[in-house]
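Every heavy atom of this structure was used, including side-chain atoms; hydrogens, water molecules and symmetry mates were not. We name chains A, B, ... by the order of the sequence lines, and we start the count at 1 in each one.
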Protein chains: 2
Amino acid sequence: MVSIKDIAKHAGVSISTVSYALNGNPKVTEETSKRILAVAKELNYVPNAAARTLKKRETRIIGAFLTTFEGAFYGELLQGMKEEMNKHGYDLVICSGTQSHRMLPEGMLDGAIILDRLFSDKELLLHANRGHKLVVLDRKLKHDNIVQVLLDNKAGATFAMEYLLRRGHKKLYAVSGPEGSFDSVQRLAAARQTVERGGPGIRYEELPGNFDKASGAAAARRIIAEYDGPVGVFCLNDEMAIGMYHALKGTPFRIGEHVHVVGFDHIDIADYVQPRLATIDYSERRWGAVAAEQLIKLIEGGSSAEHERIYVSLVEGDSVGRANG
Amino acid sequence: MVSIKDIAKHAGVSISTVSYALNGNPKVTEETSKRILAVAKELNYVPNAAARTLKKRETRIIGAFLTTFEGAFYGELLQGMKEEMNKHGYDLVICSGTQSHRMLPEGMLDGAIILDRLFSDKELLLHANRGHKLVVLDRKLKHDNIVQVLLDNKAGATFAMEYLLRRGHKKLYAVSGPEGSFDSVQRLAAARQTVERGGPGIRYEELPGNFDKASGAAAARRIIAEYDGPVGVFCLNDEMAIGMYHALKGTPFRIGEHVHVVGFDHIDIADYVQPRLATIDYSERRWGAVAAEQLIKLIEGGSSAEHERIYVSLVEGDSVGRANG
DNA sequence: TTGTAAGCGTTATCAA
DNA sequence: TTGATAACGCTTACAA
């Protein structure tokens, strides 16, 4: 491995001069600098990250933590983060699994964006207390070193339920997400509230779900088992809605005719299924970019970072028809 | 920040003893060790990654490089890698973009898995020459520090084309991937070879594509413009096949009746479209696990790592019918 | 303008 | 069994 020491030797200067030259410090003459840079290039010099980090206490790397790489990989979200980070000279790496949590306290990351229920609130607060900067996308958490950038779940769930009500549906279901999910809790609460405000004569039931296709299919089977007329179903994410499509295939029940479905997330496949799935849309890319932006503010400490909300909108689809045919 | 120096002070021992104790070195007494560990816990000590790396020249972190985060296509692959790496005490981070390439030469990674055309062969060979260990999933490259773990594209493309021929199709198309794509080149070559061996009376044409939905749709439009009877189409990936479904919607042409389509990759959506898409399947998870396994072998140097091939199989689907109705 | 030297937090060698 | 110390490669006062 070639170090600044080697460059110094070859160029006949001291290591500090080399360091200055490499970092573009104007103290060193144009001439010496040129010579040093040339030698560096010739020797194929690459700085050592560990040494630089040890000294400067920063890596210019941000970690985004996901629960798993599987399923919806949040492609656009991550791309949004990455582009924003790169603009500011940071690199983004994606991590998953408790084993990788060590990277934060060990100082390999300048900050982290959390979308991962495997991090407990307690653990995050611990890190924040140690001075690590965090953005959370999956919970509310109050700390000077943490900012939240959250989806407007309340608005989304309200749009979805109001859409079903507007179409005349009187028997409604909500299919929930997994136990610990923040999104699920928020969406469910808003759905419930919308029903309560929807006036009398509305039947409403909540079915357990898990944000995956299988649980959507299971919910569909429950719904048709007790079917006594058109129903409106708010699946708390699209994945489950797709599972519902699957389960109804080969039964006499039709989506958009007997079972009227709204999802959440506007995943790719929602536009390709028949009938097209009504869903709640938002810009993943923007979500990522905003999260990145706030984290950088937090790290660089200039203007104070602020909690942000990501707005959502309803995408109508043929998966929801009128209650009376 | 609390360092081993602080622990040493509090425990009344030297820093070397602390280091030994923390690393479970049996030289130090059970008793002293216990005391030191207790102090470490009390002070909330966390080792500093940069310092350790500087000294030991290893991070126990592997990077997987993707061209982009978009498209949910590599989830299982990454999960397969991660699980295998974790088993061996390594962490996996996912990186994207040329900016992040620095992590490899700067020594922040013990090795890398490459699925990213933004890395040129030249660049990879440079890294390999410097002693960095690499696994490539998207090209052939010969070097002692590089092993290939490649999809069996040749078998897959052959299966796809033979399937169309077996169903009696005489007019065939292949829709290719983007220029530089290794997968595209390999699949196309195998498709061509299969046609040549398929006997006389077969018309075959190659259409340009880009592995995305839009280019699949464009190919579909070209095909129906010159339509004169049932055609068999091998889309070099599923994404383009889905684009073809989309383009044919609202035309008199039906998939599986006029236009018979086979894809490649067996993405999720392939099972959900109507009619179900015939495609080439393989275990992404296994692909990732094998790549990880080979990289670790390469890094740890014990048994010699070897180039590997990932096997594929045909999944039949209603998107392909017989040529004569 | 350039050089000297201290120090970042570890590990590891050698002495005690 | 424990301690003193050099070294890893780099940045950065401070001195020359």
So does [Y] get a backbone contact from the side chain of [X], meaning a donor-acceptor N/O pair under 3.5 Å?
| X | Y | value |
| --- | --- | --- |
| A:R60 | A:G89 | yes |
| B:T53 | B:T59 | no |
| B:S181 | B:P178 | no |
| B:Q148 | B:R139 | no |

Ignoring hydrogens, what is the shortest heavy-atom contact between A:T17 and A:V28? Give both atom names and the distance. CG2-CG2, 4.0 Å

What are the two closest heavy atoms between B:F69 and B:S96, and how far apart are they? CZ-CB, 3.5 Å

Rounded to whole Å, please give me the gap between [atom1] in [X] and [atom2] in [N].
| X | N | atom1 | atom2 | answer |
| --- | --- | --- | --- | --- |
| B:R35 | D:dT1 | CZ | C1' | 12 Å |
| A:I7 | D:dC10 | CD1 | C1' | 11 Å |
| A:I36 | C:dT2 | CD1 | P | 8 Å |

Give a yes/no answer on whether the side chain of B:T17 brings an N or O atom under 4.0 Å of OP1 or OP2 in D:dT1. no

Letter by letter from the 5' end, nucleotides 7-12 of chain C scores (B base, S sugar-phosphate only, - none; protein heavy atoms under 4.0 Å) BBBBBB

Looking across every strand, which nucleic acid part, if any, lies under 4.0 Å from A:T53 by heavy atom: base, sugar-phosphate, or nothing? nothing

